[in-house]
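First the structure, in the form of structure tokens, and then the observations on it.
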Amino acid sequence: MKINSLEKLNDKITSELAWRKKELIDFSTLIKSQSEIYPVLCKMGIALLSAHFEGAIKNISYYYLLYVSSQNKKCSELTENFAAILIRKILQDSTESLKITLYKKSATKILSDESFSIADNVIDTESNPTSKVVKDIFNTIGLDFSPYATKEKYIDTDMLSNRHKAVHGEHVNVSRDTFEETKKEILGFMDSFTNLILNAAEKQEFLKCSPEAVN
């Protein structure tokens with residue numbers, strides 16, 4: 001897959017979010033229409049919300065990396081996180097043991113201005129999108145997590161705690177208000193994260209000396 005323009009990046013992310021938002025809104029409508037079984041639906045809905053939170057972060061981040069990769073920039077032109085991604089890819093692609101020769105190979109490619117490229121599994125949510133995992137993804141793609149620091153407790157407790165109990169068959173009561181509040185938070189995060197990604201792409205924040213920084 002190639003995403004070689006801002007327009008294509010925007011289209012890809014917009015399409016990604018559209019079906020996720022529709023599914024969540026449809027499920028919310030279902031809960032409101034089923035007064036007799038809404039407690040069960042709300043519990044199922046928390047698991048669904050968590051899945052969309054994880055999927056959106058993973059896929060949108062990957063689209064951004066595909067966009068950066070399509071710019072055909074050398075690693076020396078990019079911020080350090082992209083060199084780290086390339087090094088990890090080189091090590092993963094190798095069939096040798098992790099000896100110093102591998103690290104030399106990585107260093108040679110970086111120092112010789114190897115063009116940036118990515119692997120399919122570069123974004124790893126570990127099937128458990130805790131705040132620590134989300135911060136690691138931000139670091140991987142070179143974005144600042146600090147604006148979301150106030151959401152750490154919410155991600156780890158209000159959302160994931162209920163999600164874990166639901167998917168592991170534990171007894172948990174999830175009210176309509178809890179479901180709707182979680183839905184509001186996750187949809188808000190999706191939109192905010194999208195804006196952050198598109199802004200970074202437009203301002204070329206992936207470059208060591210971006211035009212925005214120069215100006």
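What you see is a predicted model; the values in this text were computed from it and never measured.
- The number of heavy-atom neighbours closer than 6.0 Å to CD of Glu181, taken from other residues, nucleotides and ligands shown, is above 12.
- Looking only at side-chain heavy atoms (C-beta outward), Asn139 and Phe145 stay at 4.5 Å or farther from each other.
- Nearest approach of Ser127 to Glu54, heavy atoms of both residues: CA-OE2, 3.3 Å.
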From CA spacing to verdict: side chain to side chain contact (heavy atoms under 4.5 Å, CB included), Ile3, Asp11: CA-CA 10 Å; Ile3 303 178; Asp11 289 346; over 6 Å; no
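- A distance of 5.0 Å separates CD1 in Ile123 from OG in Ser61, rounded to the nearest 0.5 Å.
- A donor atom on one side chain and an acceptor atom on the other are not found under 3.5 Å apart for Tyr154 and Glu185.
- When hydrophobic clusters are built by joining Ile, Leu, Val, Met, Phe, Trp and Tyr residues whose side-chain heavy atoms come closer than 4.5 Å, directly or via intermediates, Ile25 is not grouped with Leu48.
- A donor-acceptor pair is defined here as one N or O able to donate and one able to accept, closer than 3.5 Å; no such pair exists between the side chain of Ser50 and the backbone of Ile46.
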Quick one: do Met44 and Phe179 satisfy side chain to side chain contact (heavy atoms under 4.5 Å, CB included)? Show the steps, please. CA-CA 10 Å; Met44 293 169 59; Phe179 173 82; over 6 Å; no
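- Looking at Thr182, its side chain does come within 3.5 Å of a backbone N or O of Thr178 through a donor-acceptor pair.
- Gln71 and Asn4 get closest at one heavy-atom pair: NE2-O, 4.0 Å.
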Stepwise salt bridge (Lys or Arg N to Asp or Glu O under 4.0 Å) check, Glu16 with Arg20: CA-CA 7 Å; Glu16 177 77 22; Arg20 293 185 184 280; 2.8 Å; yes
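- Shown here are the salt bridge (Lys or Arg N to Asp or Glu O under 4.0 Å) partners of Lys135, two or more places apart in sequence or in another chain: Glu152.
- Counting only N and O atoms by type, the side chains of Asp177 and Ser175 include no donor and acceptor under 3.5 Å apart.
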Would you check, one step at a time, whether the test side chain to side chain contact (heavy atoms under 4.5 Å, CB included) holds for Arg176 with Cys42? CA-CA 6 Å; Arg176 287 186 221 180; Cys42 286; 3.9 Å; yes
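- Distance alone, capped at 3.5 Å, is enough to place a donor-acceptor pair between the Thr157 side chain and the Lys153 backbone.
- Leu143 approaches Ala200 most closely through the heavy-atom pair CD2-CB, 3.7 Å.
- The shortest distance between side-chain heavy atoms of Asp191 and Lys21 falls below 4.5 Å.
- Hydrophobic clustering (side-chain heavy atoms under 4.5 Å, transitive across Ile, Leu, Val, Met, Phe, Trp, Tyr) keeps Trp19 apart from Phe189.
- Using the six-membered ring where Trp is involved, Phe138 and Phe193 have ring planes that are tilted, between 30° and 60° apart.
- Looking at heavy atoms from C-beta onward, Ile141 lies in side-chain contact with Leu65 at the 4.5 angstrom threshold.
- Taken from NE2 in His52 to CZ in Phe27, the straight-line distance is 10.0 Å, to the nearest 0.5 Å.
- Taking OH of Tyr148 as the start and OG1 of Thr150 as the end, the distance is 10.0 Å to the nearest 0.5 Å.
- At least one side-chain heavy atom of Leu6 sits less than 4.5 Å from a side-chain heavy atom of Tyr67.
- Heavy-atom neighbours of Lys183 NZ from other residues, nucleotides or ligands within 6.0 Å: above the threshold of 12.
- To the nearest 0.5 Å, atom OG1 of residue Thr29 and atom NZ of residue Lys22 are 9.0 Å apart.
- Separating the CD1 atom in Ile13 from the CG atom in Leu9 is a distance of 4.0 Å, to the nearest 0.5 Å.
- Note that the CD atom of Glu205 and the CG atom of Leu196 stand 7.5 Å from one another [nearest 0.5 Å].
- A donor-acceptor pair shorter than 3.5 Å cannot be found between the side chains of Thr130 and Asn128.
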Would Leu207 and Thr79 count as a side chain to side chain contact (heavy atoms under 4.5 Å, CB included) here? Give the steps. CA-CA 6 Å; Leu207 297 176; Thr79 52; over 6 Å; no
